[in-house]
2 protein chains.
Amino acid sequence: MARTTGSDGEKTEAAIREAALALIARLGFEAMSMRQLAAQVGVQPAALYRYFPTKEELLHALMRDHMEHLIASWGEARPAYGSNQETPAGRLATFVENHIRFHLARRDATHVSNLELRSLSEERLNHILALRSQYESELRAILADGQRAGVFRIDDVALTAMAIIQMITGVIVWFRPELRLSEDEVAANYHNMTMRLVGADA
Amino acid sequence: MARTTGSDGEKTEAAIREAALALIARLGFEAMSMRQLAAQVGVQPAALYRYFPTKEELLHALMRDHMEHLIASWGEARPAYGSNQETPAGRLATFVENHIRFHLARRDATHVSNLELRSLSEERLNHILALRSQYESELRAILADGQRAGVFRIDDVALTAMAIIQMITGVIVWFRPELRLSEDEVAANYHNMTMRLVGADA
DNA sequence: GAATTAATAAAACGAACGTTCAATTAATTC
DNA sequence: GAATTAATTGAACGTTCGTTTTATTAATTC
């Protein structure tokens, strides 16, 4: 057999990406074989190579997609110039809220992006790290503005930014939708902790 | 050739553990081959199997060792009964300080224990998770005591414990000894952030 | 409806993997 | 110093891996 009836490149690529996220999140990138992935998609292994030239480029594409969506998500959520939320506290609240909700909605992609960086070549690793740094610099700017305005109490902006990122990303490690807390409650809780952490709980 | 002059089982096992931690931390468990590990130790692959029956049992042994040392470290650091540090705030300060210093001193082992849980069988995974839960319950007890005594402001003890653990363990992701901050400064910084986070910065 | 392009299957490649087994030598015991 | 035990080598096993090549069929173009 060869081309199958109803086959469509776009659908196949989307199916590959989705199946890869699920498999890598569960097994790890190195532990997932291209044969396993192909079976999950319902296709022969060779077909994968029409969409991604190597296994590593597939991983890179997944990570880039995740980071670009994250950056775009913040771009849409951030308070507009002149809005009454455009204060350091308002921006920080929006940042934390958006971050929590974005990551809870994309658990698999988050696990992949956080746990599989080691499997990238240096060049591709640097690309993903640059995107990550771009996102984190938004948080640093908020913290620095609040510090300058005297509304945040922060010893070290860079260190505090890393601490907050680690704390709020960590939600996906323990949160399960079936547990006692709702997504809203979790987001509110992390928001409160973050505000206290930067000394803005007046 | 066979047994080499000066060969010693204890030394070889220690060398295997150390090399394995370094290689797994750098490459990931699945990406590290037993041949690579043997080469690093300076031994033939078959020799590894005298000390660890399978690759997975080697990983499990490394993780168990790490968790048991962590628990023992807190056991020694915790404020004694009746000491003037035996308050919720004093115990929390000691917990954070000890956690930061322990993990900074064992970066490789920490990466292995945090990133490679997926490669354990269910049984061995449960064992490691039980040790982890045992350690985390110490933090939850401190938070609950402080909440009960009215010296901590905490919405949800379990959630706050997870957030603090994620935040303070995350130090190993970004901290490099050659950077501008000393280990003391970093520990003090995380201590301050933790205290503010639980509303105990009076 | 013929020609072209897109999408896939089927089979195979060499390399690397975890692990086992038998042989061999160093160190220890008595 | 002979017998025993501890430590390791060298070679091999079957399996699985990522990837490539070639052939084949569906969809599209003209």
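The sequence lines fix the lettering, A, B, ..., with proteins before strands; numbering per chain opens at 1.
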Residue-phosphate contact under 4.0 Å: A/Thr12 side-chain N/O, C/dT8 OP1/OP2: yes
side-chain hydrogen bond (donor to acceptor under 3.5 Å, both in side chains) between A/Ser119 and A/Glu56, intermediate numbers included: CA-CA 7 Å; A/Ser119 296; A/Glu56 193 207 323; over 6 Å; no
Qualifying residue for side chain to side chain contact (heavy atoms under 4.5 Å, CB included) with B/Leu37, from B/Leu58, B/Val43, B/Ile24: B/Leu58
Parallel, tilted or perpendicular: rings of A/Trp174 and A/Tyr190 (30°, 60°): parallel
D/dC17 OP1/OP2 closer than 4.0 Å to side-chain N/O of A/Ser33: yes
Strand DNA chain D as a dot-bracket string - pairs counted if Watson-Crick or G-U with both distances under 3.5 Å, | where the partner lies in another strand: ||||||||||||||||||||||||||||||
Validation row, ring centre B/His103 to ring centre B/Phe175 under 6.0 Å: no
Distances for protein N or O near nucleotides 19-22 of chain C N or O, under 3.5 Å:
residue: C/dT19; atom: OP2; partner: B/Tyr49; partner atom: OH; Å: 2.8
residue: C/dT19; atom: OP2; partner: B/Lys55; partner atom: N; Å: 2.9
residue: C/dT19; atom: O5'; partner: B/Tyr49; partner atom: OH; Å: 3.4

Polar contact flag, side-chain donor to acceptor under 3.5 angstrom, B/Ser73-B/Asn98: yes
Crowding at CD, B/Glu136 (>12 non-hydrogen neighbours, <6.0 Å): yes
Between C/dA27 (P) and B/Glu10 (CD): distance, integer Å: 16 Å
No-hydrogen, no-angle side-chain donor-acceptor test under 3.5 Å, A/Thr169 and A/His99: yes
Spacing of A/Leu37 atom CG relative to D/dG18 atom P, expressed in whole Å: 10 Å
Rounded distance in Å - CZ (A/Phe52) to C1' (D/dT19): 16 Å
Donor-acceptor contact present, side-chain B/Glu185 to main-chain B/Ser182, <3.5 Å: yes
Whole angstrom value for the distance that separates C1' of C/dA10 from CG of A/Leu48: 15 Å
Rounded interatomic separation in angstrom, taking CD from B/Gln44 and P from D/dA11: 9 Å
Interface with DNA chain C, restricted to residues 111-120 of chain A and to heavy atoms under 4.0 Å: none
Interatomic distance, A/Arg50 CZ vs D/dT19 P [rounded to whole Å]: 18 Å
Among A/Ile142, A/Leu139, A/Leu159, the one residue meeting side chain to side chain contact (heavy atoms under 4.5 Å, CB included) with A/Ile164: A/Leu139
Main-chain N/O of B/Gln166 paired with A/Gln166 side-chain donor or acceptor, under 3.5 Å: no
Closest to the B/Val43 side chain, choosing from C/dA9, D/dT9, D/dG18: D/dT9
B/Phe95-B/His191 aromatic ring centre distance below 6.0 Å: no
Rounded distance (Å) that lies between atom P of C/dC17 and atom CD of B/Gln36: 7 Å
Spacing of A/Leu27 atom CG relative to D/dC17 atom P, expressed in whole Å: 11 Å
